[in-house]
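So the structure is just underneath, and the comments pick up after that.
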Amino acid sequence: MSDKFRQASFQIHHDDNVCVALSDLEPGSVTVHGSPATSSIDITDPVKQGHKMASRPIREGEPVIKYGVAIGIAIRPIAAGEWVHLQNCKSSYDKRSSTLDVESGAPTDMQYL
């Protein structure tokens, strides 16, 4: 991988408040490519390739915006650079999203036989 894309992410639309990891990321500075409001963000925790992180602070109840559209709602404040996933947002499309296990994605509101 070229140095240009090491620790890199991509913001799809200029209105987005999240960007997507282009590879597995380690804590530190991450360059934001695409249509960013900022050229880099700092992350404190690892983020897996393809996962979202906040490109700016997102308030509790504020829409999570990707592709220029709201894809979810923050269920607590999300700091810039923080991994955006089931632990801090819920889907605008799936009412059960807040019941999914953060690691496996399995529903936790039902029992399996």
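Scope of the values below: all heavy atoms of this structure, side chains included, with no hydrogens, waters or symmetry mates.
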Original post:
What are the two closest non-hydrogen atoms of Val18 and Ile65, and how far apart are they?
Top reply: CG2-O, 3.3 Å
**OP:** Quick one: closest heavy-atom pair of Ile43 and Leu25, and the distance?
**Re:** CD1-CB, 3.7 Å
Original post:
What heavy-atom pair brings Val64 and Val84 nearest, and what distance separates the two atoms?
Top reply: CG1-CG1, 4.1 Å
Original post:
How close do Ile75 and Cys89 get, heavy atom to heavy atom, and via which atoms?
Top reply: CG1-N, 3.7 Å
Original post:
Hey, what do you get for OG (Ser55) to CG (Asp16), rounding to the nearest 0.5 Å?
Top reply: 7.0 Å
**OP:** Can you measure from CG (Leu22) to NE2 (His33) and round to the nearest 0.5 angstrom?
**Re:** 6.5 Å
Original post:
What is the distance from atom NZ of Lys48 to atom OG of Ser23, rounded to the nearest 0.5 Å?
Top reply: 10.5 Å
**OP:** Would you kindly confirm whether Ile58 and Ile73 end up in one hydrophobic cluster when ILVMFWY residues are joined by side chain heavy atoms under 4.5 Å apart?
**Re:** no
Original post:
Minimum heavy-atom separation for Ile78 to Asn88, with atom names?
Top reply: CD1-O, 3.5 Å
Original post:
Do Arg59 and Pro77 touch side chain to side chain, with heavy atoms closer than 4.5 Å?
Top reply: no
Original post:
Given the rule in the side chain to side chain contact (heavy atoms under 4.5 Å, CB included) test, do Ser29 and Asp42 qualify, once you have shown the distances and angles that lead to the verdict?
Top reply: CA-CA 4 Å; Ser29 182; Asp42 290 322; 3.6 Å; yes
Original post:
Tell me the side-chain hydrogen bond (donor to acceptor under 3.5 Å, both in side chains) pairs involving residues 61-78, sequence neighbours left out?
Top reply: Arg56-Glu62, Arg76-Glu82
Original post:
How far does NE2 of His13 sit from SG of Cys19, to the nearest 0.5 angstrom?
Top reply: 15.5 Å
Subject >> Main-chain N/O of Ser35 paired to Gln11 side chain as donor or acceptor, under 3.5 Å >> reply: yes
Subject >> Residue list, ring pair (Phe, Tyr, Trp, His ring centres under 6.0 Å) with His51, at least two apart or on another chain >> reply: Trp83, His85
Original post:
Can you tell me how far CG of Asp45 sits from CE of Met53, rounded to the nearest 0.5 angstrom?
Top reply: 12.0 Å
Original post:
Between atom CD of Gln7 and atom CG of Asp24, what is the distance when rounded to the nearest 0.5 Å?
Top reply: 10.0 Å
